[in-house]
Amino acid sequence: MLEENAQKKMQVKNHVNEKMEAIVALAKRRGFIYQGSEIYGGLAGTWDYGPFGVALKNNITNMWWKMFVDDREDMYGIDAAILMNPRAWVASGHVGGFADPLVEDLKTKKRYRADHLLEEAEIDTKGMTLVQMNDAIQKLGIRSPDKNPLGEVRQFNMMFATNIGATEHDASEIYLRPETAGGMFVNYKNILDSFHPKLPFGLAQIGKAFRNEIAPRDFIFRVRELEQMEIEYFIRPTDWEVQFEQWRTQIWRFIEAIGLDKEKVHELEIAVADRAHYSKRTIDLEYDFPFGRKELYGLAYRGDFDLKSHQDGSKVNLEYFDEETKEKFLPHVIEPSFGLGRTMLAILSEAYTEDEMAGEKRVYLKFKPRMAPVIVAVFPLLKNKPELVAKAREVYVVLKGEFGRVMFDDNGNVGKRYRRQDEIGTPWCVTIDFDTLGENTELLDTVTVRNRDNGTQVRIAISDLKNHIKSVIK
Ligand code: GAP
């Protein structure tokens, strides 16, 4: 029985690996995501985004910014520096405690996340202290993936340190920010002073963060250079439950807007023992990635921990003055935090589809049309007929002017172009053929529009094309 279970598990694992390998290969083949510094053998935990990867990322960030900044009256967008005064990271607690449990293979000296090794042995590490992890590893005789004994579990600070200026002594040591949140807390007072917002109000920021992950893995899921989309929403302390619920609903609205299947997203209420000491409530939103259910986003009620710490650290008064009650107090904070790479990976793994069309196997990315890097591709039926190419360019220019994300493709035969566009996830392909030019007079100035998901084609007048595509973009 045990063997049977182990075999089943292995089969599931192989299937998962195959799906992830197929996604990674497609992402590279079609210009979404490349290994970082690939020609030098790569750099673990870094990935470079190609043209379609950038387009997909922009679609995600544009949607996020529209929903959480542009469409609201209570949000202030900022873009703070990545390099910050290191005192900010002392105050936030990152210098002292932004760490993961590290364990070393005593023979190879390779380092691993102790909690990951325990989880692979099906031990639930939630709430475990370092000592408990150590005990579990020793008691269960857990070894490294190379089958060697492991050393003591210890804390490993994940911040990347560097030196500012020309000196290399301690006083010049600074950090690459490990989260975008810090930049918002240090700008809270600037926003108060420039805009005099009334509570509740929030700061929003999209940007890079850096974490020296012990074990980067699962493609762009756990990386060392990441992008976050974060909000620090300042509230009256008594409002926290209402505001927490409000943001919970907003996160679900975003999940729906980018086209993720809600059934694949799950809320995980973080237990008291696993929450940061200052948090009264934290929910993780987990997604069913091909390699398992893992954290996608977080929503935390952080009390006044951050403003209090930065007030103490900077010695600058960060209190809010309530004009009506004439009260001064430190607002509390609700923090919805979104990983951009994880959003992208969730979208890619959900869109990745294999099926059969006209008796042939095909792969396509079933993006929600408005998230697709290319909304429509335009082809001349044949590349070597100038009159077809000229008409196709005319149609392309009109559509490009309207939708922007439009591609002209005349490479290879039409079948090959469809397969290529399917892999890019382009919802519609428009072909200009001889009927468009009037070979069949009834079809003069009409084109075929082919649907990515089922391969069906409809004939549409060029003059109706823009409106037709507008009406089907969801
Ligand atoms: N300001 C709160 C904060 O940074 P976090 O849970 O450490 O909280 C927030 O990170 C989000 O950032 C996560 O939910 C995840 O989407 C993303 N994230 C965190 N570490 C990551 C990593 N190493 N690689 C990719 N994304 C990461």
Side-chain angles (χ1 to χ4, degrees), residues 33 36 43-47 49 57 60-61 64 78 80 82 84 88-89 91-94 97-100 113 115-116 126 156-160 175-188 202-233 247-248 251 254-255 258 260 265-268 270 274-276 278-279 281-287 289 291 293-303 305-307 309-310 333-349:
I33 303 166
L43 179 69
T46 67
W47 297 89
Y49 287 82
K57 269 208 307 193
I60 298 167
T61 52
W64 190 90
I78 67 154
I82 286 174
M84 292 174 62
W89 299 116
S92 67
H94 285 80
F98 190 57
D100 270 342
R113 281 268 298 261
D115 51 338
H116 288 172
K126 292 205 175 82
F156 172 76
N157 192 300
M158 291 200 288
M159 287 217 290
F160 277 104
Y175 307 97
L176 302 187
R177 69 180 177 206
E179 57 174 21
T180 54
M184 288 186 274
F185 290 119
V186 302
N187 277 287
Y188 149 88
L203 270 65
Q205 176 165 227
I206 297 177
K208 293 224 169 181
F210 302 83
R211 298 182 181 187
N212 196 2
E213 294 281 353
I214 298 164
R217 61 181 189 180
D218 296 322
F219 193 27
I220 53 172
F221 177 81
R222 189 177 303 287
V223 292
R224 290 183 168 138
E225 180 174 334
L226 56 132
E227 273 170 280
Q228 291 182 315
M229 308 180 283
E230 292 197 294
I231 290 164
E232 304 304 332
Y233 197 68
W247 279 106
R248 190 181 185 177
I251 292 176
F254 179 71
I255 286 166
I258 56 174
L260 289 183
V265 184
H266 312 270
E267 285 188 2
L268 176 72
I270 304 298
D274 295 319
R275 280 200 306 252
Y278 49 80
S279 173
R281 189 169 183 200
T282 300
I283 290 177
D284 278 354
L285 284 103
E286 297 189 315
Y287 181 78
F289 288 101
F291 42 84
R293 188 172 291 182
K294 304 268 173 190
E295 180 184 338
L296 177 64
Y297 305 141
L299 174 64
Y301 169 43
R302 301 176 62 100
F305 169 80
D306 303 277
L307 289 184
S309 307
H310 288 297
V333 169
I334 306 279
E335 180 191 66
S337 181
F338 303 69
L340 178 51
R342 289 189 189 179
T343 306
M344 183 135 166
L345 185 55
I347 291 179
L348 278 174
S349 38

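Atoms within each ligand, like the ligands themselves, are counted from 1 in listed order. Each residue takes its place number in the sequence, starting with 1.
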Pairwise, report which nitrogen or oxygen atoms of ligand 1 are under 3.5 angstrom from protein nitrogen or oxygen atoms, and how far apart they are.
residue, atom, partner, partner atom, Å
ligand 1, 1 (N), E179, OE1, 2.7
ligand 1, 1 (N), E230, OE2, 2.5
ligand 1, 1 (N), E335, OE1, 3.3
ligand 1, 1 (N), E335, OE2, 3.0
ligand 1, 4 (O), E179, OE1, 3.2
ligand 1, 4 (O), R211, NH2, 3.0
ligand 1, 4 (O), Q228, NE2, 3.0
ligand 1, 6 (O), E295, OE2, 3.2
ligand 1, 7 (O), R211, NH1, 2.8
ligand 1, 7 (O), R211, NH2, 3.1
ligand 1, 10 (O), Q228, NE2, 3.4
ligand 1, 12 (O), Q228, NE2, 3.2
ligand 1, 14 (O), E295, OE2, 2.6
ligand 1, 14 (O), L296, O, 3.3
ligand 1, 16 (O), L296, O, 2.7
ligand 1, 16 (O), G339, N, 3.1
ligand 1, 20 (N), R211, NH1, 3.2
ligand 1, 23 (N), E213, OE2, 2.7
ligand 1, 23 (N), V223, O, 2.9
ligand 1, 24 (N), F221, O, 3.2
ligand 1, 24 (N), V223, N, 3.0
ligand 1, 26 (N), R342, NE, 3.3

Do you know which of Q228, K294, R222 makes side-chain contact (heavy atoms from CB on, under 4.5 Å) with R342? R222
Listed partners of N212 passing side-chain contact (heavy atoms from CB on, under 4.5 Å), at least two apart: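 Residues passing side-chain contact (heavy atoms from CB on, under 4.5 Å) with N212: F156, F160, R224.
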Can you tell whether the side chains of D274 and K126 come within less than 4.0 Å, N to carboxylate O?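 No, this pair does not count.
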Quick one: side chain to side chain donor-acceptor pair (under 3.5 Å) partners of E335, sequence neighbours excluded? R302
Identify, with sequence neighbours excluded, every residue that meets side chain to side chain donor-acceptor pair (under 3.5 Å) alongside Y49.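 Here no residue qualifies.
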Going by atom types only, do T180 and Q205 share a side-chain donor-acceptor pair under 3.5 Å? no
